[in-house]
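As C-alpha cells, the structure follows; a few thoughts come after it.
Worth saying up front: this structure is predicted, and the values here are computed from it rather than measured. All heavy atoms count here, side chains included; hydrogens, waters and symmetry mates do not.
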Amino acid sequence: MECSSDSESEMFVMLSADGRVFGCGEGLNYDFRAWRNFIPLTPPPPSSLADVTGTQTATATGTYVDELVRDALLVDSPLTAGATFWMGADCVEAPRCALEELAAAIFTFHVSACDADDFDPNTSGIEWWVQSRPSLQLHWDKDEEMRISAGIFVHPHLSTVTYLTDGGGGGGGEPQAPTVLFDGLTVPTLARHGGLSAPAALPAAPAATAACASFPEVGKHIVFDGRLLHGVLREMVPIPVPPPPPPPLEPDPPPLPGVLGVRGTAKRGEAAVEAGSRAEGVPETSGCREGRGRRVTFLGNVWLNHRPKGVRALPEGMIPSLRAPTSMPPAVAVPTPIIIPQPECAPPPPPLLRLATGATDGGKARSPDSSNGSGGGGDGGGGSSGGEGGGGVEGWAEMGCYFGWSGDDLTLSGLVPAGLLMRGGRAPGPAPGLEQAQGGSAEIGTVRVVLPEGCDVRVVENNRRRCRRRGEEGSADAAAAAATENDTEAKRHRH
C-alpha cells in the first residue's frame, strides 16, 4: 500500500496494490464500455405519450443538446478554461444547472451497482469539466495537485467521456478525432520519477493488452478504468471516402418563342434537392450552431473516498447564465448499450517500412484503405508512422506520440493496428472484419482491438529530449549513442 498526507490540507489517502483508492469501489465495472443517447431527459407524462411523435422527441432532444453545447462552451470560456469542477455524492439530488444534472446522472449511473456502504458520500463524487479542442495528447487522469505537492499518483476509479458534438450527421462536417485508450498502460515507474531524475535501472513498463477507439457521436457516452493512458489522437482520423458524383442533370429546355430570358436561374435538380432538404425537418445531430465544426466533450471522473485537491464546485455566479435542470429530482439517463466489436488481430507483418514522423495529409493518418500509413501531428507534437501492408484492416502504425509533464518527457513505443482502429470510425455501412459473432453488423465508431505478440506497445523515455537537454543535439556521436540506447531499451522491454 502507498500512503500520503498533505500538511496544508491534512489530506490522507491510502492506495491499494493496484493503484486505486483503498477500501471502496467493489461493485464498479472497470471495463471499456459505451452507450448511445446518454441524455438525462425527463420522459413525457403517460397521458401525453400518444400525442408525442418521434419527430417531436428528436426535436426536443436536439434542442436540449444545442443548449447543453452552448452552456459547455460558456463554461469552457477563458474565464474558467482549464478548470475542473466538483459535485459531491451528497449533492447529486440537487443539481443547479443542466451540466450538473448531466454530471449527477453519470455518477449515479456508474455507482448504482455499489452497496450503500461501499463509499463515503462526504468524500466521493464526480469531477467534471468541458473540452472544446480537436485533439489532446496522451495522459493519465489523476489528482494533479497531489502529484505536484506530494509526488503521489491518485487516479479516479472511472473516467468517462460524453460527446456533445460530432463531425458528421446533419452537419456534414469532417470526421473528428477519436478517444484512444490502452488497456494495461497504467503509470509506469519511469513516469513516477519524472524524466531525467529516474534511476538508471528501472523495471520494464507494462505492455498494452488492447487498444480502444471511440469516435464522437452526439449523446454517446464511454467509460473506462481511470488509471489507463488515453488521449484524443488527431492522426487516427480516417480520411473520409468521397461520395460518388451525382448523376448529370438534364439541360433546361430552350425558352418558348416570344418569351425573353430563361425560365429561372436555378437548375431543376438543385431546386428540388434544396426544397427536399428543407421539407425533411430532420434535426441536425452535430451539435448546436455555436458548436458546429468543434469537438465538444463533457468529461467526468468518478472518485470514491477521495476528493481531488483544489477542485471546487462550479461558481455560483455562473449558474444564472446556464440552462436549469430538466426536472427535480434530476432526470436520470436511460442509454442504449453499444456492443463493442473486438476483431481478431494478426501479429504485425515484418518487415515494417517506417516513415519519418511528420505532418502529412493535413495532419491526418491515411484511410485504412490506403496502401501506406502516414504520420500526423496532434497536440503536444504527437505523430505516428505507418507501414506497408496498411491496406484494408491490416494497416499498422508506429506511434510517435510525445507526452509527459514537460510535454515530451515520454513517448509511446510499439506498433498499433491503426487500420482496425480507424475503420471503427468508418461510416456509413458495415466495416469489413468487424462483424459480431451474434449476427448482424458491428457498431461503427467504437472498437476494442486485443494486441497480439509483437506489438510491444509501452511507455518509454524520450531519448531525443535527453540529448537536447544535455546540449548534444546535432552531434553525430550523440545521435548514434541515442540510437544504440533506443535499441537497448527496446530489447530490455521485449524480455
Side-chain angles (χ1 to χ4, degrees), residues 32 138 178 180-191 202-213 224-225 228-231 233 235-236 238 340-357 365-376 382-403 410-424 431-434 447-464 482-495:
F32 172 57
L138 293 171
V180 179
L181 59 113
F182 298 91
D183 280 351
L185 288 193
T186 55
V187 177
T189 307
L190 171 67
L202 288 175
T209 57
C212 309
F224 52 93
D225 190 332
L228 299 182
L229 182 70
H230 62 283
L233 304 185
E235 58 268 35
M236 297 297 290
I340 300 178
Q342 301 191 43
E344 295 184 0
C345 181
L352 184 72
L353 176 63
R354 301 185 178 184
L355 306 178
T357 300
R366 292 185 185 272
S367 164
D369 291 330
S370 303
S371 59
N372 292 302
S374 67
S384 66
S385 56
E388 297 211 334
V393 297
E394 297 180 356
W396 291 86
E398 182 183 30
M399 303 304 295
C401 300
Y402 302 123
F403 59 99
L410 308 170
T411 186
L412 193 64
S413 69
L415 304 176
V416 174
L420 278 173
L421 295 176
M422 288 191 292
R423 189 170 287 273
L434 299 184
V447 64
R448 180 180 184 272
V449 182
V450 177
L451 299 179
E453 294 184 5
C455 295
D456 203 37
V457 178
R458 303 175 188 269
V459 175
V460 298
E461 185 178 2
N462 177 16
N463 289 310
R464 293 181 180 180
T484 302
E485 188 175 1
N486 276 328
D487 292 340
T488 305
E489 183 82 1
K491 291 178 181 177
R492 181 169 68 89
H493 285 312
R494 280 197 292 267
H495 290 82

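- Between Leu451 and Ala211, the closest heavy-atom pair is CG-N, 4.0 Å.
- Legend: residues meeting side chain to side chain contact (heavy atoms under 4.5 Å, CB included) with Ala207, ordered by chain and number and at least two apart, are Arg458.
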For this session: In sequence, state the C-alpha distance, the side-chain angles, and the governing distance for Leu228 and Asp183, and then conclude on side chain to side chain contact (heavy atoms under 4.5 Å, CB included).
Result: CA-CA 6 Å; Leu228 299 182; Asp183 280 351; 3.4 Å; yes
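- In this structure, CZ on Phe32 lies 5.5 Å from CG on Leu181, to the nearest 0.5 angstrom.
- Going from atom CD1 of Ile340 over to atom SG of Cys212 covers 7.0 Å, rounded to the nearest 0.5 Å.
- Remark: Phe182 engages no residue in a ring-ring contact (aromatic ring centres under 6.0 Å, His included) (not counting sequence neighbours).
- Side-chain contact between Cys345 and Val450: absent, with no pair of heavy atoms (C-beta onward) separated by less than 4.5 Å.
- Summarising the geometry of Ala346 relative to Pro452, their closest heavy-atom pair is O-CG, 3.6 Å, with the distance given to 0.1 Å.
- A distance of 6.0 Å separates CG in Asn462 from OG1 in Thr411, rounded to the nearest 0.5 Å.
- The minimum heavy-atom distance between Ala208 and Leu185, with the atom names listed, is N-CD2, 3.5 Å.
- Considering all non-hydrogen atoms of both residues, Cys455 and Trp396 come closest at SG-CZ3, 3.4 Å.
- Interatomic distance, Leu229 CG to Thr186 OG1, rounded to the nearest 0.5 Å: 9.5 Å.
- Nearest heavy atom pair, residue Met422 against residue Glu235, reads SD-O, 4.4 Å.
- Looking at heavy atoms from C-beta onward, Val449 lies in side-chain contact with Pro343 at the 4.5 angstrom threshold.
- Taking each heavy atom of Leu415 and Gly454 in turn, the nearest pair found is CD1-O, 4.3 Å.
- If you take CG on Leu138 and CG on Leu233, they are separated by 5.0 Å, rounding to the nearest 0.5 Å.
- Put simply, the side chain of Leu420 does not reach to within 4.5 Å of the side chain of Val447, judged on heavy atoms.
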